[in-house]
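Structure first, then comments.
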Amino acid sequence: MNDQPSRLDLLHFARRVVVQQATAALNQIDGWIADEERRETERRQAEERRPPPPAWLIQYGLNRANLDAVHLGDCWAAAKSGRCRPVSREQALDALRQHVTPCVHCRPDTELGVLD
């Protein structure tokens, strides 16, 4: 008796192995896709919930008592300083009237209509 599998049996076995491996690989990729779609949805939802940036900022000195400058809310220099706090339009106007320096990059005095 011939107890070795036939060539046809080996080909069928090889096909089952390939199908099994391909199915496992596709399931893994589908999982990665689902994870990335979930992360993307979470990023989009977080962006939608993020409050709008403030319109005006006051930059404080190192001792937090002195006012150094007035900025527009999206000024890159204000973001770089790390010492700014959001303020209302009236507070920004009051600071400029009290001769707090307007930022030379974003020119909040021009935006507020306060020109010397």
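Remember, it's a predicted structure, so these values are computed and weren't measured experimentally.
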Does a side-chain heavy-atom distance below 4.5 Å link H71 with C103? yes

Gap between atom OG1 of T41 and atom CZ of R39 - 0.5 Å precision: 11.0 Å

So W56 and L93, do their side chains get closer than 4.5 Å, heavy atoms only? no

For R38, look at atom CZ and say whether over 12 heavy atoms of other residues, nucleotides or ligands are found less than 6.0 Å away. yes

Taking all atoms of both residues into account, what is the closest heavy-atom pair of A78 and L57, and its distance? CB-CD1, 3.7 Å

Any non-hydrogen side-chain atom of P53 less than 4.5 Å from a side-chain atom of D74? no

Closest non-hydrogen contact found for P102 with D109 is CG-OD2, 3.6 Å

Using every non-hydrogen atom in the two residues, find where L67 and I58 come nearest and quote the distance to one decimal. CD2-CG2, 3.4 Å

Hey, is R43 close enough to E36 for a salt bridge, meaning N to O under 4.0 Å? yes

Quick check for you: to the nearest 0.5 Å, what is the distance between E111 atom CD and C106 atom SG? 9.0 Å

So, the side chain of N63 versus the backbone of N66: is there a donor-acceptor pair under 3.5 Å, distance only? yes

Exam field: side chain Q91 to backbone S88, donor-acceptor pair closer than 3.5 Å: yes

Quick check: do V100 and L96 have side-chain heavy atoms less than 4.5 Å from each other? no

Residues E40, R44: salt bridge by 4.0 Å N-O rule: no

Sub-4.5 Å side-chain heavy-atom contact between R83 and D68: yes

Roughly how far, to the nearest 0.5 Å, is CG of L112 from CZ of R107? 11.5 Å

Using atom types as modelled and distance alone, determine if a side-chain donor or acceptor of D9 lies under 3.5 Å from a backbone N or O of P5. no

Output yes when a side-chain donor or acceptor of R50 lies under 3.5 Å from a complementary backbone atom of A46, and no otherwise. no

